[in-house]
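Each remark here refers to the structure printed beneath this line.
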Amino acid sequence: MIYIPTPEEFSYKELLKFLSRNEKECLHSIIDDVIFKVLEIDNELVLFSISFNNGLVATIHTDNQSQVIQEKVRTYIEDWFDLTADLKAFYDIAQQDLILFQLCQKYHGLRMVGMPNLFESLVWSVIGQQINLNFAYSLKQRLVHTFGKSFTFQGETFYALPTPETLAGLQIEDFQPYQFSRGKAQYIINISKAFVEGILSQQKLALLSYDEIKKQLVAIKGIGNWTANYSMMKSLKSYDAFPVEDVGLHNAVKTQYGLAGKPSIAELHQMSANWSGWRGYATFYFWHSLLG
DNA sequence: TACCAGGATGTTG
DNA sequence: CAACATCATGGT
């Protein structure tokens, strides 16, 4: 068993709400408030579950429970649920924007639910480009169920993210039975190859500045401004990365501010000046507001 | 029916 | 460089 203390500003309730936002989510499962996930660590599947009891309590269900595996699971969870961010600092600057501040009070203790694996956030954001979220989750489910490894435990089957090696070996036509557009298929292949060939490395990117990371990301066909910023906030702890083109953000801002229409990109840049340093985090709170 | 979805790219004027 | 077409399908 792995005990992971949680910071003062932490809400398991809001975390579960976000993790439960779509029933087609296939890279984690929630059963009776317990979170299950499979990771592929050193070419080996690791299934673990997480519950809350005065801190997070993780349990590994696969055979290998070595110290190394335990520490990797611990690190993954700390990263996934963003346990180290200074939320007080975010709440401080949020006072400059009444609407955002109200969201911070309503969702107090909500931490950015990230994607510790950069490859995952890039693939997921390409899938989500331009189409509605439900359809995006369907595409992701087909991709993961077809090309991801799985592990069955107590009658439930859990899936791991397909590896870059697996997806890099596919052709555009391999995606078409699953209703991917040729563009999406090519973009996913491009990204997968970049990881396999070492052109993209999460470890290396993590050492660079925002501008340098973004430059490397958008150099790949299929990664534009939205995808780069989305992945940087979800996978690289760029709390100020701002996916300003995001339709979900537009809808949430319209609702929360009571606007007549959706805000323009220019208006969003102006508004977000008040969120400076935490524009990604603010975006995440606005997304969360779409869940009620 | 037309238009919009967690956009990005290639082409055209 | 801005405007437009294209993608592939589900939802409204």
Side-chain angles (χ1 to χ4, degrees), chain A residues 17-27 103 110 112-115 117-144 146 170-194 200 214-236 238 241-256 259-269 271-272 275 279-292:
Chain A
K17 192 204 289 187
F18 188 82
L19 289 177
S20 308
R21 70 193 186 284
N22 192 290
E23 58 188 23
K24 287 180 192 161
E25 172 60 61
C26 54
L27 290 179
L103 290 180
L110 170 67
M112 169 105 58
V113 179
M115 293 185 185
N117 184 339
L118 176 65
F119 181 64
E120 177 182 345
S121 66
L122 288 171
V123 170
W124 169 232
S125 48
V126 165
I127 290 174
Q129 285 170 3
Q130 203 266 336
I131 59 177
N132 67 68
L133 263 187
N134 256 321
F135 184 39
Y137 275 105
S138 295
L139 295 182
K140 171 174 161 179
Q141 193 173 51
R142 291 168 196 157
L143 191 75
V144 169
T146 305
L170 300 178
Q171 304 298 127
I172 289 179
E173 291 69 27
D174 296 322
F175 289 82
Q176 293 190 317
Y178 311 107
Q179 297 177 299
F180 282 66
S181 66
R182 297 182 64 84
K184 280 192 198 307
Q186 185 62 63
Y187 298 163
I188 290 170
I189 292 169
N190 292 347
I191 291 165
S192 302
K193 285 183 174 171
L200 271 188
K214 191 174 161 194
K215 186 177 168 189
Q216 289 201 27
L217 289 177
V218 299
I220 295 172
K221 292 274 181 246
I223 301 180
N225 192 61
W226 175 82
T227 300
N229 280 296
Y230 178 90
S231 293
M232 288 175 73
M233 64 180 271
K234 295 284 275 188
S235 300
L236 297 174
S238 300
F242 187 40
V244 64
E245 301 88 350
D246 187 85
V247 173
L249 173 67
H250 301 172
N251 289 330
V253 164
K254 174 180 180 294
T255 300
Q256 296 303 319
L259 306 179
K262 289 197 286 186
S264 68
I265 300 294
E267 286 168 335
L268 283 163
H269 278 303
M271 298 172 58
S272 67
W275 320 334
R279 290 181 298 173
Y281 235 95
T283 299
F284 186 71
Y285 269 64
F286 278 101
W287 283 340
H288 198 66
S289 75
L290 295 169
L291 303 177

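Predicted, not measured: the structure shown is a model, and the values here were computed from it.
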Enumerate all atom pairs, one protein N or O and one N or O from nucleotides 9-12 of chain C, separated by less than 3.5 Å.
{"unit_1": "C:dG10", "atom_1": "N3", "unit_2": "A:Asn132", "atom_2": "ND2", "d": "3.2"}

task: Please state whether the rings of A:Tyr281 and A:Tyr285 are parallel, tilted or perpendicular, taking 30° and 60° as the class boundaries.
output: tilted
field: P-based separation of C:dA2 from B:dA5 [nearest Å]
entry: 23 Å
- prompt: Across the strands shown, which category fits A:Thr227 at heavy-atom distances under 4.0 angstrom: base, sugar-phosphate, nothing?
  reply: sugar-phosphate
Interatomic distance at P, C:dA8 relative to B:dG10, whole Å: 15 Å
Which residues share a side-chain contact (heavy atoms from CB on, under 4.5 Å) with A:Lys215, sequence neighbours left out: none
message: What is the distance, to the nearest angstrom, from the CG atom on A:Leu133 to the P atom on B:dC4?
response: 18 Å
- prompt: In whole angstrom, what separates A:Tyr187's OH from C:dA8's P?
  reply: 10 Å
message: A side-chain contact here means heavy atoms from C-beta on lying under 4.5 Å apart; do A:Ile127 and A:Val123 qualify?
response: yes
- request: Tell me what A:Leu290 touches on the nucleic acid: a base, only sugar-phosphate, or nothing, going by heavy atoms under 4.0 Å.
  value: nothing
With a cut-off of 3.5 Å and sequence neighbours excluded, list every side-chain donor-acceptor pair involving residues 223-234 of chain A.
{"unit_1": "A:Asn225", "atom_1": "OD1", "unit_2": "A:Lys214", "atom_2": "NZ", "d": "2.5"}
{"unit_1": "A:Asn225", "atom_1": "OD1", "unit_2": "A:Asn229", "atom_2": "ND2", "d": "3.3"}
{"unit_1": "A:Asn225", "atom_1": "ND2", "unit_2": "A:Glu245", "atom_2": "OE1", "d": "3.3"}
{"unit_1": "A:Asn225", "atom_1": "ND2", "unit_2": "A:Glu245", "atom_2": "OE2", "d": "2.6"}
{"unit_1": "A:Trp226", "atom_1": "NE1", "unit_2": "A:Asp246", "atom_2": "OD1", "d": "2.8"}
{"unit_1": "A:Thr227", "atom_1": "OG1", "unit_2": "A:Gln129", "atom_2": "NE2", "d": "2.9"}
{"unit_1": "A:Asn229", "atom_1": "OD1", "unit_2": "A:Tyr210", "atom_2": "OH", "d": "2.5"}
{"unit_1": "A:Asn229", "atom_1": "OD1", "unit_2": "A:Phe242", "atom_2": "N", "d": "3.4"}
{"unit_1": "A:Asn229", "atom_1": "ND2", "unit_2": "A:Asn225", "atom_2": "O", "d": "3.0"}
{"unit_1": "A:Tyr230", "atom_1": "OH", "unit_2": "A:Trp124", "atom_2": "NE1", "d": "3.3"}
{"unit_1": "A:Ser231", "atom_1": "OG", "unit_2": "A:Ser121", "atom_2": "OG", "d": "3.2"}
{"unit_1": "A:Ser231", "atom_1": "OG", "unit_2": "A:Thr227", "atom_2": "O", "d": "3.2"}
{"unit_1": "A:Lys234", "atom_1": "NZ", "unit_2": "A:Val113", "atom_2": "O", "d": "2.6"}

message: Considering every strand and a 4.0 Å limit on heavy-atom distances, what is the contact class for A:Leu249: base, sugar-phosphate, or nothing?
response: nothing
query: Hey, which of these two, A:Val218 or A:Lys262, hits DNA chain B nearer its 5' end, going by closest nucleotide?
result: A:Lys262
- prompt: Could you state the CD1-P distance from A:Ile172 to C:dC7, rounded to the nearest angstrom?
  reply: 13 Å
- prompt: Is any side-chain heavy atom of A:Ile188 closer than 4.5 Å to a side-chain heavy atom of A:Leu170?
  reply: no
- request: Quick one: label A:Lys221 by what it contacts on the DNA or RNA (base, sugar-phosphate, nothing), any heavy atom closer than 4.0 Å.
  value: sugar-phosphate
field: Whole-Å distance separating the CD atom of A:Glu245 from the P atom of B:dT9
entry: 11 Å
- prompt: Heavy atoms, side chains only, cut-off 4.5 Å: are A:Val247 and A:Lys262 in contact?
  reply: yes
message: Expressed as a whole number of angstroms, how long is the span from A:Ile127:CD1 to B:dA8:C1'?
response: 15 Å
- prompt: So do the side chains of A:Val244 and A:Arg279 get within less than 4.5 Å of each other, counting heavy atoms only?
  reply: no
